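These figures come from a predicted structure and were not determined experimentally.
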Amino acid sequence: MRSFTYERVTDPDAACVAMAAHPDSKFISGGTNLIDLMRLEIERPPHLIDVSRLPLTAIEEFPDGHLRIGASARNADVAAHPVVRSRYPVLAEALLAGASGQIRNKASVGGNLLQRTRCHYFYDTAANCNKRQPGAGCAALHGAHRNHAILGASEACIATHPSDMAVALAALGATVTVLGPRGTTRELSIGELYRPPGTTPHIETNLATGELITAVTVPPPPPGGQRYRKVRDRASYEFALVSVAVVLATTDGTITESRVAFGGVASMPWRSTEAEAALSGQPANWQTYQAAADRAIEGSQAQEENGFKIELARNTLRRTLAEVAATIERRAR
């Protein structure tokens, strides 16, 4: 057991100041990922700053149609919220596809976004891992990598991001509000929050030292349909091999707006602007979905054991697009 100190804060500004005073500290809220990492001595923070009591649990709908979700809101509460279920079903579906009911009752929105990869080499302190020890190498490149990335990876890291919620938020065009130690705030899109691995896979986000995620803001959804589909090895309590979030709007059988994001295929939620471009203004039919699926995985790079993910990603996107379009058509009758 490694010793560490602990403090509880009740004010967001105080949390940022405390982090600035102890740069090696970690924020802890639900702790569903951090505690495991500390037990395995992957994370060794000398000081913990408990932000679970911060007044950041509200889920608020604004007159302009935006939805603001506090970073301390529990995943289960967000999934069950009537506005989320009615207007953002893709988010509710993603949250309910993640972990177990017990973990969703404890895990926070901010912590969900910042959870770390479940790559088994990252969790094995005897294995080489650039995320855990920069410059050590990536054991997954020549090891067991069936669950690893096919998009946006590098020679330094092929791990995937585990969050289901982040994939749905990427498709919804959500932003995160970040508070700094000097009281300044800034907004980051989901894509801007994360960093691709490049040569520094241990630096996973664009958050500066002392910054705290305080909220997630989701814009009004376009009229149409939404769906989150997760493909995994077992039906529950399992991370995605491939997942896809689709937000689609059509008029008279023509796609007028589309948003597509993948999970399980990259080190971050993977927004596919290529697929969206292939869908824009096209008829809602199987040929269009096929073209979008082909565009979505252009540039993918598979390893020996995970090449199946390329076709799996294609099929998952095609099927999900078809289901969402069919739902829109039924509602219009």
key: Rounded distance (nearest 0.5 Å) linking atom NZ of K131 with atom OH of Y123   = 11.5 Å
ask   = Does a sphere of radius 6.0 Å around CZ in R232 hold more than 12 heavy atoms from other residues, nucleotides or ligands, not counting ones at 6.0 Å or beyond?
value = yes
Test item: T254 and D252 side chains (from C-beta on) under 4.5 Å apart, heavy atoms = no
ask   = Any salt bridge between E93 and R229, counting N to O under 4.0 Å?
value = no
ask   = Taking side chain as C-beta onward, heavy atoms only, is C138 less than 4.5 Å from E155?
value = no
task = State, with a plain yes or no, whether a side-chain heavy atom of N33 is found less than 4.5 Å away from one of R118.
result = yes
ask   = Ring centroid separation for H120 and H148, is it under 6.0 angstrom?
value = yes
request  = Find the distance between CZ (R259) and CD (E276) and round it off to the nearest 0.5 Å.
outcome  = 8.0 Å
message = So, taking the atom named CG in L212 and the one named OG1 in T214, what distance separates them when rounded to the nearest 0.5 Å?
response = 6.5 Å
task = State, yes or no, whether a side-chain contact exists between R74 and S52 at a heavy-atom distance under 4.5 Å.
result = yes
inquiry  = Can you tell me if H66 has over 12 outside heavy atoms packed within less than 6.0 Å of its NE2?
reply    = yes
query = Do NZ/NE/NH1/NH2 and the carboxylate oxygens of R116 and D36 come within less than 4.0 Å?
reply = no
query = Looking just at side-chain N and O atoms, do D164 and Y228 make a donor-acceptor pair shorter than 3.5 Å?
reply = yes
key: Electrostatic pair E61-R87, nearest N-O below 4.0 angstrom   = yes
query = With side chains defined as the heavy atoms from C-beta onward, is the minimum distance between I59 and L67 less than 4.5 Å?
reply = yes
ask   = Does the side chain of V176 come within less than 4.5 Å of L169's, by heavy atoms?
value = no
message = Does Y237, at its OH atom, have more than 12 non-hydrogen atoms belonging to other residues, nucleotides or ligands within less than 6.0 Å?
response = no
query = Below 4.5 Å, heavy atoms only, C-beta onward: do V244 and V231 meet side chain to side chain?
reply = no
Whether over 12 other heavy atoms sit under 6.0 Å from R186 CZ = yes
Nearest-0.5 Å distance that lies between atom CD1 in I42 and atom CD in Q133 = 12.5 Å
task = Of all the heavy-atom pairs spanning K230 and E238, show the shortest one and how long it is.
result = NZ-O, 2.8 Å
ILVMFWY cluster, L40 and F122 together (side-chain gap under 4.5 Å) = yes
request  = Assert yes or no for the condition that the ring centre distance of H161 to Y194 is strictly below 6.0 Å.
outcome  = yes
query = With a cut-off of 6.0 Å (strictly less than), are more than 12 heavy atoms of other residues, nucleotides or ligands near CD of Q301?
reply = no
remark   = Rounded to the nearest 0.5 angstrom, the CG-CG distance for D294 and L317 is 10.0 Å
